[in-house]
Amino acid sequence: MEHLAVIFGNPVAQSKSPEMQMQFAKNADIKLRYLKVLTTLPQFEESLREWIEKGIVGANITVPFKEVVMPYCDRLTVEAEEAKAVNTIRIEADGSITGHNTDGIGLLRDITEIKGIDLTGKRVLILGAGGAVRGILAPLLAHQPASVVITNRTFSKAQLLAKEFCHLGEIEAVEREDLAESFDLIINGTSASLQNEFPPLPAGTITEGSIGYDLVYGDQPTIFMNYLLSEGGRAAYDGLGMLIEQGVYAFEFWFEKKPAIDGVMTIFGRNA
Ligand code: ATR
């Protein structure tokens, strides 16, 4: 039997999720047709109902619908509750909708399992305090880093996030100019890279052991990655691994089978 899944987004034309998910399906010996659905905020609900009627097993949800979809979910996973956003839904046998979020767990699986970085006892710096950062904090703290420092242009947003997640581990907000220690892992969760802008960090923040991870990715290394390496950091990664692993988790959520990722890198123009 052929399964059907979709991604809702606006814009959605650029999405590589169809090719990626269909490659996962091929690797897992599952028949899957996966389509892009371009919709609008006023038409989202109707579009969602229409595709559920067509029998989708589930869907990926991208910008700007990750919060919009939440009221239509009959239940949320812990990950979706903590992120306050849904990037994956599953349609249950009775037609009800379960909302999940695989972004944060996808990032953590990329960092720890694919890149082989053990976070236990490490010092982590997070730049940014928007939706992307909110989604990664709980899974990050679950790996028991020694400390997580969060900084943001609008400092009050960093403070609010630190307060909200402090029951899960060591997390504090620090103004960028007050950063006074080095970090093992620096995660860039600002959209500054996309604007090709990266203001310097205080001296001593990056040392030879520092690893950088940008949540975004592109054809070229991001400005943050270049900055980290030019300051003597050890390695810098972009967010492609996170994108792939969030997709792997979504696939597992629908089909209860973890797909191999063989053949996926080339979809993104990278060597396997
Ligand atoms: P996303 O969903 O990608 O997280 P967002 O919620 O709009 O998007 O958050 C964007 C983040 O990038 C915010 O932390 C934002 O800082 P502010 O909270 O001060 O707006 C940060 N950001 C965007 N452009 C930036 C820039 N040029 N310099 C520094 N931070 C920037």
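In listed order, ligands and their atoms are each counted from 1. A quick note: this is a predicted structure, and the numbers were derived from the prediction, not measured.
Between K26 and D262 there is no salt bridge, since none of the side-chain N atoms of the basic residue sits less than 4.0 Å from a carboxylate O of the acidic one. D103 and K66 are joined by a salt bridge, as a carboxylate oxygen and a charged side-chain nitrogen come within less than 4.0 angstrom of each other.
Exactly one of D110, D238, N188 qualifies for a side chain to side chain donor-acceptor pair (under 3.5 Å) with Y213. That residue is D110.
Residues that satisfy the side-chain contact (heavy atoms from CB on, under 4.5 Å) test with S191, not counting sequence neighbours, are L194, Q195. Considering only residues two or more places apart in sequence or on other chains, P145 meets the side-chain contact (heavy atoms from CB on, under 4.5 Å) condition with V124, V148.
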Do any nitrogen or oxygen atoms of ligand 1 lie under 3.5 Å from a protein nitrogen or oxygen, and which ones?
from     : atom 1 : to   : atom 2 : distance (Å)
ligand 1 : 4 (O)  : G131 : N      : 3.1
ligand 1 : 4 (O)  : A132 : N      : 2.8
ligand 1 : 6 (O)  : G131 : N      : 3.0
ligand 1 : 12 (O) : S191 : N      : 3.1
ligand 1 : 12 (O) : S191 : OG     : 3.4
ligand 1 : 14 (O) : A129 : N      : 2.9
ligand 1 : 14 (O) : N152 : OD1    : 2.7
ligand 1 : 16 (O) : N152 : OD1    : 3.3
ligand 1 : 18 (O) : N152 : ND2    : 2.8
ligand 1 : 18 (O) : K157 : NZ     : 2.6
ligand 1 : 19 (O) : R153 : NE     : 3.0
ligand 1 : 19 (O) : T154 : N      : 3.0
ligand 1 : 19 (O) : T154 : OG1    : 2.5
ligand 1 : 20 (O) : R153 : NH2    : 2.9
ligand 1 : 24 (N) : Q195 : NE2    : 3.4
ligand 1 : 27 (N) : Q195 : OE1    : 3.0
ligand 1 : 27 (N) : E197 : OE2    : 3.0

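Among residues at least two apart or in separate chains, salt bridge (Lys or Arg N to Asp or Glu O under 4.0 Å) pairs with a member in residues 162-176 are K84-E164, R134-E164.
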